[in-house]
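Letters go in sequence order (proteins before strands), and every chain restarts at 1. Just so you know, these numbers use all the heavy atoms, side chains as well, and skip hydrogens, waters and symmetry mates.
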Amino acid sequence: MTDSLYPIAKVAHLLSLGQPDELVLVRGWVRTKRESKQDFAFIELNDGSCLANLQVVVPGELPGYATSIKELSTGTSVSFKGKLQASQGKGQRIELLASELHVLGTADPATYPLQKKGHSFEFLREKAHLRPRTNTFGAMARVRNAISFAIHSFFQERGFLYVHTPIITGSDCEGAGQIFQVTTLDLARLAASGRAVDYSQDFFGKPAGLTVSGQLEAEIFATSVGDCYTFGPTFRAENSNTTRHLAEFWMVEPEMPFYELADNMTLAESFVKYIIRQVMEKCGDDLAFFNERIEPKLLESLNNIISHNFIRLSYTEAVEILQKSGQSFQFPVEWGVDLQSEHERFLTEQHFAQPVILYDYPRQIKSFYMRANDDGKTVRAMDVLVPRIGEIIGGSQREERHDVLVARMQECGLKPEDYWWYLELRKYGTVPHSGFGLGLERTVQLITGMVNIRDCIPFPRTPKSAEF
RNA sequence: UCCUCGAUAGCUCAACGGUAGAGCGAGCGGCUGUUAACCGCUAGGUUCUAGGUUCGAAUCCUAGUCGAGGAGCCA
């Protein structure tokens, strides 16, 4: 059906730049059809290149009109040749007057699951193979793409190296949550035999699992080739059933030598703002859609984020604010306990109504690798909290002093010999360094206003759910 | 994992322990440069599963499965 007279065009291109009398070939899927029995029909054609549809006018005199128009129900794939013309109707600048149509694949309206009208997100999660054909999930896919691109360009513009850290990692070395085990052992036979598992017989000769973080490996490169970042899938086998946790998610983890905590916070703030600005620039229509249909204050809150400095607040100051707030919290606040969701929400949504960076947390509630402060009580950790989502970034300055790190590991019940290579980074040419992790899906949540993180990734993996 | 709520037509939901309905979607017809089009008619049900109570269960009880919201874990 290709034809040099009719150049192939994307709907996004035609809607923004198409001119009357241009001949084009467009291909996509029918969203809706409005029929005028004798005369002609309007087809709303979507090809995913943008949120909007191209209105195609199919005249009644087209050969085979009666049969082919009947097939053009919602979900049908079709290609049209025709001529652009200024639209007589309201709602679109330009439309296509079809001169030829080919139905590529029909979609039986009696069984096609997607209707013209909206569906609940719960229903659409069961149709993950078709939901990208809806406005919301098409928009989500484009925004997610723009965020991913912005992540790379932010770091590439600053000379960071993109480092690929392993997906499969050896043993229980990371301590950041439950790991998914990776094995080639025949579990059914093992269970039947009643024998103990002998990991020396396993593929790697020892227990292995899916990564929960690329941080430790990123530190290897930060302390050799300089500023770097990882960006890839991450796995947590926690039995988490919330709107902001996934068993498989994507995480960005920059790691920078010579950065102290304040530098880390500055980078994190620039990073979040950069991503939002990029998406606003590239996906304006999609964000307008989310603002209209999903979260009415979305654009207002995104503008608020990019136009103010993030509040920087020590954990100790935060505790004081919460204690003096007069709020009745379900969980009382006292120095030394981790802050609850309700506390974080109070700070970001009510007290400041802005993103907040909390830092210098009590050492007993944070990880072994975070650098100890001189007060003996706190470590140089920082969390970036945003309204509605909560923690979007968690990071720290890393402990670079060999003896302090060893002592801290022992205090946390970890065996230093398991981390021999991590410790050698401190033994040979150690430097102060810092880094953080940003959850991609939570960023999608923040920027789209989508309530549930399961709707911010194409194929969500959660407990009891991995159909697609 | 804990707490709470839910599961009925393709979808979203009603139905006091007593004949399972509506709106939307779909099919058919009408009307119309329409645009979440509109108007009329028609079809469509193992009420999540397994037990139990009862003359009688969508409805009450028990267990389970799945889903949602909140909490924890965190990105």
Side-chain angles (χ1 to χ4, degrees), chain A residues 31-45 52-59 70 73-75 85-92 95 97 107-127 135 175-178 212-215 231 233-253 268 293 330-331 337-345 365-367 381 383-386 389-395 436-446 451-457 462-465 467:
Chain A
R31 281 292 175 82
T32 70
K33 168 177 64 177
R34 293 181 291 274
E35 262 183 280
S36 174
K37 265 289 179 294
Q38 281 77 33
D39 279 359
F40 53 91
F42 296 104
I43 300 294
E44 292 285 333
L45 187 76
N53 305 316
L54 176 68
Q55 175 163 283
V56 181
V57 182
V58 186
K70 219 169 139 68
S73 56
T74 302
Q85 61 184 21
S87 180
Q88 296 171 37
K90 289 172 184 157
Q92 57 279 316
E95 65 189 15
L97 177 63
D108 182 359
T111 57
Y112 186 63
L114 301 183
Q115 303 172 174
K116 294 181 193 177
K117 288 209 173 184
H119 291 283
S120 68
F121 293 132
E122 290 86 344
F123 173 73
L124 288 172
R125 267 169 232 150
E126 294 169 2
K127 311 284 176 199
N135 284 335
Q178 294 291 324
V212 294
S213 166
Q215 178 199 318
F231 183 18
T234 310
F235 308 87
R236 303 273 166 92
E238 309 283 354
N239 191 7
S240 293
N241 293 286
T242 78
T243 53
R244 29 177 223 292
H245 289 88
L246 292 164
E248 177 181 303
F249 64 101
W250 283 63
M251 188 155 63
V252 186
E253 295 177 286
R293 294 297 182 94
Q330 194 188 339
F331 297 92
V337 303
D338 213 351
L339 298 184
Q340 308 283 324
S341 294
E342 58 175 344
H343 306 138
E344 297 180 352
R345 272 205 304 274
I365 58 171
K366 287 293 180 181
S367 299
D383 284 354
V384 179
L385 310 178
V386 293
I389 315 293
E391 184 179 343
I392 196 169
I393 284 177
F436 60 82
L438 170 122
L440 177 64
E441 287 74 19
R442 289 191 184 172
T443 308
V444 175
Q445 264 184 302
L446 175 70
V451 170
N452 196 316
I453 201 166
R454 294 160 198 151
D455 301 320
C456 294
I457 185 169
T462 53
K464 311 285 185 202
S465 176
E467 176 71 16

Touch class at under 4.0 angstrom, heavy-atom based, for A/S120 against every strand present: sugar-phosphate
Side-chain donor-acceptor contact under 3.5 Å, A/N135 with A/R293: no
Gap in Å between the two C1' atoms, one belonging to B/G52 and one to B/G67, rounded: 25 Å
Position toward the 5' end of RNA chain B (nearest nucleotide), A/L438 or A/G89: A/G89
Separation between the P atoms of B/A50 and B/A58, rounded to whole Å: 13 Å
A/E35 side chain vs A/A41 backbone, donor-acceptor pair below 3.5 Å: no
Base of B/G33 and ring of A/F42 stacked, centres under 5.5 Å, planes under 30°: no
Sugar-phosphate, base or nothing in reach of A/N241, heavy atoms under 4.0 Å: base
Sugar-phosphate, base or nothing in reach of A/S341, heavy atoms under 4.0 Å: sugar-phosphate
Sugar-phosphate, base or nothing in reach of A/Q92, heavy atoms under 4.0 Å: base
Out of B/A75, B/C11, B/A71, whichever nucleotide has its closest atom nearest the side chain of A/Q115: B/C11
Any A/K70 side-chain nitrogen or oxygen under 4.0 Å from OP1 or OP2 of B/C28: yes
Residue-phosphate contact under 4.0 Å: A/R236 side-chain N/O, B/C74 OP1/OP2: no
Sugar-phosphate, base or nothing in reach of A/Q88, heavy atoms under 4.0 Å: base
Sugar-phosphate only, base, or nothing, as touched by A/R454 at under 4.0 Å among non-hydrogen atoms: sugar-phosphate
Salt bridge (Lys or Arg N to Asp or Glu O under 4.0 Å) partners of A/E44, counting only residues at least two apart: A/R34
Beyond-backbone contact of A/I457 with A/L246, side-chain heavy atoms, under 4.5 angstrom: yes
Per-nucleotide pairing state of RNA chain B [Watson-Crick or G-U, under 3.5 Å; [ ] pseudoknot-crossing; | other strand]: (((((((..((((....[..)))).(((((.......))))).....(((((..]....))))))))))))....
C1' spacing across the pair B/G23 / B/U19, given as an integer number of angstrom: 22 Å
Touch class at under 4.0 angstrom, heavy-atom based, for A/I392 against every strand present: sugar-phosphate
Any donor-acceptor N or O pair under 3.5 Å, side chains A/S213, A/E253: yes
Sugar-phosphate only, base, or nothing, as touched by A/T243 at under 4.0 Å among non-hydrogen atoms: sugar-phosphate
Pairwise C1' distance for B/A15 and B/U47, with rounding to whole Å: 11 Å
